[in-house]
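Below is one structure, written out as structure tokens, with a few remarks after it.
Below, all heavy atoms of this structure are taken into account, side chains as well, without hydrogens, waters or symmetry copies. Keep in mind that this is a model prediction, so the values were computed, not measured.
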Amino acid sequence: MSDSLTGVWDGSYIQPGVGMITFTATLVETGGALGGSVTEPCMMPGCPLSTHNSWIAGHRSGSAVSFVKRYDPPGFGYDRVTYEGTVNADSTEIDGRWRVTGDSGSFLMIRASKPAQAVTTETRAKEPTR
């Protein structure tokens, strides 16, 4: 697998008690190092922001991807979230788990240039976990 992860990604994650939250990520991969930014709506009750911005830093080794997302500004129940996932063979999907103190859930990212796959992924994301 040599396709760079650099590009725009459409994603979603499941947050317990809230449901599915969608986001847009812009990734830059250089020599296995990952950086980038994420934009997502604020879904927590009483949040004074309509949109959260965050920065990511991490790495990729083969099909394994891990990064930390740091919200800017931190607060409102948001600070730092750890993501670990797997890139598919053609580098169009990243599927995995996120973790924050006391909570975790699944996430899925789809390369934005592949819109036809988003429908299939959205259906899969709605399936109950076993």
Practice item. Could I get the full list of salt bridge (Lys or Arg N to Asp or Glu O under 4.0 Å) partners for Arg70, not counting sequence neighbours? Key: none
Exercise for review: Flag the pair Val38 / Ile56 as yes when at least one side-chain heavy-atom distance between them is below 4.5 Å, and no otherwise.
Suggested key: yes
Review point. Tell me, which pairs form a side-chain hydrogen bond (donor to acceptor under 3.5 Å, both in side chains) where one or both residues lie in residues 23-34, sequence neighbours left out?
Key: Glu29-Arg60
Study note, to complete from the structure: Rounded to the nearest 0.5 Å, the NZ atom of Lys69 sits from the CD atom of Glu40 at a distance of 4.0 Å
Exercise for review: With the side chain counted from C-beta on, respond yes when Leu27 and Met109 share a heavy-atom pair under 4.5 Å apart, and no when they do not.
Suggested key: yes
Exercise for review: For side-chain contact (heavy atoms from CB on, under 4.5 Å), just list the numbers for Arg97 and Glu84, CA-CA rounded to whole Å, side-chain angles, deciding distance to a tenth of an Å, and then say yes or no.
Suggested key: CA-CA 6 Å; Arg97 305 270 311 158; Glu84 294 181 356; 5.8 Å; no
Check your understanding: For Val65 and Leu34, what are the C-alpha separation, side-chain angles and deciding distance, and is it a side-chain contact (heavy atoms from CB on, under 4.5 Å)?
Key -> CA-CA 9 Å; Val65 174; Leu34 281 179; 3.5 Å; yes
Exercise for review: Give the ring-plane orientation class for Tyr13 versus Tyr83, where under 30° counts as parallel, over 60° as perpendicular and anything between as tilted.
Suggested key: perpendicular
Exercise for review: For residues Pro16 and Ser104, report the shortest heavy-atom separation together with the two atoms involved.
Suggested key: CG-O, 3.8 Å
Point to revise | Step-by-step side-chain contact (heavy atoms from CB on, under 4.5 Å) determination, Glu93 to Ile110 | key: CA-CA 5 Å; Glu93 293 186 11; Ile110 307 230; 4.0 Å; yes
Check your understanding: Do Trp98 side-chain atoms and Ile14 backbone N/O form a donor-acceptor pair below 3.5 Å?
Key -> yes
**Study point:** Inter-residue atom distance Ile94.CD1 - Ser66.OG, 0.5 Å rounding
**Key:** 11.0 Å
Point to revise | Note, Thr51 side chain near Thr39 side chain (heavy atom, < 4.5 Å) | key: yes
Point to revise | Gap between atom OG of Ser54 and atom CG of Asp72 - 0.5 Å precision | key: 8.5 Å
Check your understanding: If Ile, Leu, Val, Met, Phe, Trp and Tyr residues are connected whenever their side-chain heavy atoms lie under 4.5 Å apart, and connections chain through other members, are Val18 and Val100 in the same group?
Key -> yes
Practice item. Would you kindly confirm whether Phe107 and Val8 end up in one hydrophobic cluster when ILVMFWY residues are joined by side chain heavy atoms under 4.5 Å apart? Key: no
Review point. Within a strict 4.5 Å, meaning less than it, do heavy atoms of the Pro41 and His52 side chains meet?
Key: no
**Study point:** Shortest non-hydrogen contact between Asn88 and Thr92, atoms and distance
**Key:** OD1-N, 2.8 Å
Exercise for review: Apply side-chain contact (heavy atoms from CB on, under 4.5 Å) to Val87 and Leu5, showing your working.
Suggested key: CA-CA 9 Å; Val87 179; Leu5 299 182; 4.0 Å; yes
Review point. Is Tyr71 close to Val81 at the side-chain level, that is, under 4.5 Å between some pair of heavy atoms?
Key: yes
